[in-house]
Amino acid sequence: MGALLDIIQEQFIIMWVVIDPIGTLPVFVAVTAGMTAARRRKTAVKAILIAFCVLFGFLVVGQIVLEGLGLPLASFQIAGAIVLFMFAMHMIFGPGKPAEDLEAEQGPDVAVFPLAMPSIASPGAMLTIVILTDNARFSVPHQTITAVLMAVVLAITLGIMLAAGPIMRVIGDTGAAIISRVMGLILAAVAVDAAIEGMRTIGIIPALAGS
C-alpha cells in the first residue's frame with residue numbers, strides 16, 4: 001500500500017506540473033474577457049474535454065506509434081526528457097506561460113486554441129503521458145492510475161477556470177508567474193530523472209561509469 005501511495009503521489013505531482021492548472025488561469029481569463037458567465041463556463045468545459053481527448057489519445061496509442069516506427073521507448077524517453085527540460089527552462093526564464101500562450105493570434109474557437117492546446121494539453125504533457133505509460137515498465141493497473149490522475153488534474157483545472165475571477169483577484173498576474181516558475185523548477189528535476197533512467201535502460205550510464 002505504501003508503494004502504491006508513493007506512485008500516486010509522484011504521478012500526481014508530475015501531472016500537476018506538466019498540465020499546470022494555475023499557469024492556465026491567466027490565459028483563460030484573457031481569452032474569455034467580455035464573455036457572458038454561461039459562455040465562459042461552456043468554453044472551460046469544452047477546453048477540458050478536448051485536452052482530455054488529446055492526452056488520452058497519447059496514453060492509448062503513443063507507444064504503439066513509436067513501436068510501429070521502430071523507435072525504442074528509451075530513446076523517446078531521453079528525447080522527451082530533453083524537450084521537457086527545455087520546456088522547464090522556458091517556464092523558469094521565459095516570459096511565463098500566460099504571456100507565451102497569448103502571443104499567438106487567437107483562433108476562431110479559444111476553447112481549442114490557445115486553451116486546450118497548447119495551454120492545457122501542452123507538448124510537455126503529451127510526452128509525459130507516453131513516458132508514464134511505458135508498457136515495459138508499468139502494468140495496466142498502473143497505467144489506469146495514470147489515466148485517473150490525469151483526469152483528476154484536468155477536473156481541478158476546470159474548477160480553477162470556473163473560479164477564475166476570485167482566484168486572479170487574490171494571486172494576480174505576478175502570483176501566477178511565480179507559481180509557474182516554481183512548477184518549471186520541479187519539471188526540470190523530473191526531466192533530469194527521466195533522462196537518467198532512459199540512459200540507464202540503454203546502457204549509457206554504466207558505460208560512462210566504467211570508463
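Residues F113 and D109 are not in side-chain contact: their nearest non-hydrogen atoms beyond the backbone lie 4.5 Å or more apart. In this structure, I160 and T24 have side chains that are not in contact, with every pair of non-hydrogen atoms separated by 4.5 Å or more. Contact annotation: the side chain of R39 approaches that of T36 to within less than 4.5 Å [non-hydrogen atoms, C-beta and beyond]. At a threshold of 4.5 Å between non-hydrogen side-chain atoms, the residues T43 and R40 do not count as touching. Side-chain atoms of K46 and R41, non-hydrogen and from C-beta on, never get closer than 4.5 Å to each other. Between M161 and V45 there is no side-chain heavy-atom pair separated by less than 4.5 Å.
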Query raised in the report: Between V153 and M150, does a side chain to side chain contact (heavy atoms under 4.5 Å, CB included) hold up when you go through it step by step?
Result: CA-CA 5 Å; V153 174; M150 178 189 74; over 6 Å; no
Report task. Tell me, with the steps shown, if L4 and I145 meet side chain to side chain contact (heavy atoms under 4.5 Å, CB included). Result -> CA-CA 10 Å; L4 179 60; I145 291 174; 3.3 Å; yes
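One finds the OG1 atom of T157 at 8.5 Å from the CD1 atom of I22 (value rounded to the nearest 0.5 Å). Within the model, atoms CD1 of I131 and OG1 of T146 stand 12.0 Å from one another, a figure rounded to the nearest 0.5 Å. Note that CG of L162 is 9.5 Å distant from CD1 of I167, once rounded to the nearest 0.5 Å. Rounded to the nearest 0.5 angstrom, L55 CG and I19 CD1 are separated by 5.5 Å. The CD1 atom of I7 sits 11.0 Å away from the CG atom of L132 when rounded to the nearest 0.5 Å. Taking OG from S119 and CG from D20, the interatomic distance works out to 7.5 Å, rounded to the nearest 0.5 Å.
Other residues, nucleotides and ligands contribute more than 12 heavy atoms inside 6.0 Å of the CZ atom of F138.
When hydrophobic clusters are built by joining Ile, Leu, Val, Met, Phe, Trp and Tyr residues whose side-chain heavy atoms come closer than 4.5 Å, directly or via intermediates, I129 is not grouped with I64. In the hydrophobic clustering of this structure, L149 does not group with V140; members are Ile, Leu, Val, Met, Phe, Trp, Tyr whose side-chain heavy atoms approach within less than 4.5 Å, directly or through other members. Residues F93 and L185 are members of one and the same hydrophobic cluster, defined by side-chain heavy-atom contacts under 4.5 angstrom among Ile, Leu, Val, Met, Phe, Trp and Tyr. Under a hydrophobic-cluster definition in which Ile, Leu, Val, Met, Phe, Trp and Tyr are linked whenever side-chain heavy atoms come within less than 4.5 Å, directly or via other members, I178 and W16 are assigned to different clusters.
Across V130 and G62, no two heavy atoms sit closer than the pair CG2-CA, 4.2 Å. Closest approach of A121 and M126 over heavy atoms only: O-CE, 3.1 Å. Among all heavy-atom pairs drawn from A47 and A116, the shortest one is O-CB, 3.6 Å.
Residues Q143 and T133 have side chains that never bring a donor and an acceptor to within less than 3.5 angstrom of each other.
Not a single donor-acceptor pair under 3.5 Å links the side chain of T32 to the backbone N or O of M35.
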